[in-house]
Amino acid sequence: MIANPLPFDAPAQAWVRAAGKGVAWLEAALNGGSRLPASLHDLASYYKWPLALATLGRMRQGEAMLTTINDCFLTPDGDFRTSADKSSDPLYGQISDTYTNTWPIAAARLLGRPDMGRHGLDGLRGRFVEATGGYLTGIPGQYEDNRQDIVTVAGCGNAFLAWDAMDEAAGAGDCLMRILEQQGPADAPFHLYIDGRGETLEGELGIPETLARIDPAKPGQVYVYWGMASVFLARLYTVSHESRFLEGARAYFARHDACGDMVFDGIGCCKTGWAAATLYRLTGDAVYRDVVHKVAAELLKEQCEDGSWSRPQLSPQLNCDCTAEIVYHLSQYTLELASARG
């Protein structure tokens with residue numbers, strides 16, 4: 001329990017406390033160190049926690065969990081896998097085989113593991129698609145169409161940006177800009193995938209429709225895809241000072257407008273808040289600040305009594321993943337809004 005007032009406004013104090021409850025949930029699950037019990041010992045359960053812990057200042061704990069990821073899940077070719085499968089939850093191998101790798105790679109920079117980070121970056125380079133500037137959603141050869149999606153491209157760009165690989169990060173940014181340019185009007189479905197030639201994939205992809213496109217007219221969409229694209233482009237602008245990337249970040253974020261308040265229903269708004277917080281720091285536009293507060297209020301409302309953000313319909317691995325992600329985002333909201341007032 002935090003006894004003294006934090007040096008942030010009252011809502012942000014509640015965000016940090018909620019993040020702390022999420023970490024307490026993790027600590028209760030750990031086997032007295034940095035390993036989860038056998039039922040949760042899976043890449044999907046671990047991969048976001050080192051960055052989430054480090055952002056809250058839990059550096060030693062983050063380092064220990066990153067070491068567990070290195071020792072248990074990093075392969076000789078720079079991939080991260082639980083076994084031959086990405087995870088015991090098949091969703092990870094289906095839609096986020098490459099994206100999952102980007103979190104420990106970024107954490108490796110913050111936590112001083114250049115060996116791990118550079119090895120992981122080489123693994124990402126093995127999934128680069130030269131014709132588009134993007135990165136394969138899955139392992140090479142997994143999909144005949146060589147599909148790439150916006151959250152994977154943004155995640156890879158973010159990992160390269162963390163390691164100062166500006167040319168590769170900018171290439172990912174330009175890929176996202178081209179995908180945005182191919183979309184229809186704001187009230188039309190947004191297609192999240194391109195093929196190996198850079199053409200939008202609009203047909204049947206063998207995955208649930210809600211994971212292939214965002215329909216602004218329907219609730220429960222994967223708004224995290226727009227949020228990840230927006231926040232990466234905003235970060236890329238911060239380093240490159242190239243205005244097209246800030247314009248792209250704002251354009252991706254503006255896609256939320258056609259969805260109305262459906263965006264704020266449930267924990268799927270978490271990356272929307274992250275993008276809004278970053279854009280508020282960069283622009284000072286109060287519209288973005290207000291979005292952060294709406295998102296954070298929804299996330300706090302959805303937190304479970306045990307401190308997690310678990311849902312009965314999700315696998316234990318995905319619930320652990322979601323809890324780490326929201327812990328990370330709540331701390332990012334606080335840091336970005338505090339920085340904006342500097």
Side-chain angles (χ1 to χ4, degrees), residues 8-9 11-12 15-16 19 51-52 55 102 106 150-151 153-162 166 169-170 172-181 183 186 190 192 214 216 221-265 267-300 325-342:
F8 311 112
D9 57 30
W15 307 345
V16 175
L51 198 56
T55 303
T102 67
I150 65 172
V151 82
V153 175
C156 290
N158 200 49
F160 283 112
L161 192 62
M166 277 302 301
D174 286 331
C175 178
L176 290 172
M177 301 290 283
R178 288 190 291 271
I179 294 172
L180 183 62
E181 290 167 2
Q183 304 297 321
F190 188 106
L192 300 171
I214 296 174
Q221 302 296 291
V222 284
Y223 309 113
V224 292
Y225 280 67
W226 284 339
M228 188 68 218
S230 179
V231 76
F232 163 61
L233 288 169
R235 287 178 156 194
L236 184 57
Y237 162 74
T238 302
V239 177
S240 70
H241 306 294
E242 295 190 34
S243 60
R244 74 182 190 279
F245 293 131
L246 180 58
E247 291 164 6
R250 300 188 75 158
Y252 266 104
F253 193 88
R255 287 281 172 159
H256 292 91
D257 294 344
C259 305
D261 283 345
M262 291 188 292
V263 170
F264 305 106
D265 185 15
I267 63 175
C269 60
C270 59
K271 280 190 172 69
T272 301
W274 186 21
T278 305
L279 286 168
Y280 177 62
R281 172 173 59 82
L282 293 175
T283 69
D285 188 335
V287 170
Y288 296 124
R289 179 199 60 206
D290 294 345
V291 168
V292 177
H293 282 270
K294 289 182 74 170
V295 167
E298 179 67 12
L299 296 180
L300 266 60
E325 174 149 18
I326 296 172
V327 166
Y328 176 73
H329 289 323
L330 288 171
S331 64
Q332 288 296 304
Y333 303 167
T334 304
L335 292 169
E336 295 283 19
L337 266 59
S339 298
R341 290 195 296 268

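A quick note: this is a predicted structure, and the numbers were derived from the prediction, not measured.
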Just jot down the side-chain hydrogen bond (donor to acceptor under 3.5 Å, both in side chains) partners of [X], sequence neighbours excluded, or say none.
X	answer
Tyr288	Arg250
Thr272	His256
Arg281	Glu336
Tyr333	none

Distance in Å, [X] [atom1] paired with [Y] [atom2], rounded so as to fall on 0.5 Å steps:
X	Y	atom1	atom2	answer
Ser331	Leu51	OG	CG	8.0 Å
Ile150	Cys175	CD1	SG	10.0 Å
Glu247	Tyr237	CD	OH	9.5 Å
Phe190	Tyr223	CZ	OH	14.0 Å
Asn158	Leu236	CG	CG	9.5 Å
Asp265	Gln221	CG	CD	12.0 Å

What residues, two or more places apart in sequence or in another chain, satisfy side-chain contact (heavy atoms from CB on, under 4.5 Å) together with [X]?
X	answer
Val287	Asp285
Ala234	Ala249, Thr278, Leu279, Leu282
Ala275	Ser230, Val231, Phe253

Legend entry - Check: Trp15 ring centre within less than 6.0 Å of His329 ring centre: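 No, the ring centres sit 6.0 Å or more apart.
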
Evaluate the side-chain proximity of [Y] to [X]: yes if any heavy-atom separation is below 4.5 Å, no if none is.
X	Y	answer
Leu330	Val16	no
Met228	Tyr252	no
Leu299	Val295	yes

Inset, instruction - Measure from the side-chain N and O atoms of Gln183 to the backbone N and O of Ile179, and report whether any donor-acceptor pair falls under 3.5 Å. - result: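 Yes, the answer is positive, given that a donor and an acceptor are paired below the 3.5 Å cut-off.
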
Legend entry - Flag, side chain of Trp274 to backbone of Cys270, donor-acceptor distance under 3.5 Å: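 Checking the backbone N and O of Cys270 against the side chain of Trp274, no donor-acceptor pair under 3.5 Å is found.
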
Any idea which heavy atoms bring [X] and [Y] closest together, and the distance?
X	Y	value
Ala169	Leu161	CB-N, 4.0 Å
Ala276	Val291	CB-CG1, 3.7 Å
Leu180	Gly248	CD2-O, 4.3 Å
Ala277	Val292	N-CG2, 3.3 Å
Met262	Pro216	CE-O, 3.2 Å

Inset, instruction - Could you note down all residue pairs passing salt bridge (Lys or Arg N to Asp or Glu O under 4.0 Å) where residues 269-280 supplies at least one of them, sequence neighbours left out? - result: Lys271-Glu325

Inset, instruction - Given side-chain contact (heavy atoms from CB on, under 4.5 Å), test Thr55 with Leu335 step by step and report yes or no. - result: CA-CA 9 Å; Thr55 303; Leu335 292 169; 3.8 Å; yes

Legend entry - Contacts of type ring pair (Phe, Tyr, Trp, His ring centres under 6.0 Å), residue Phe245, not counting sequence neighbours: none

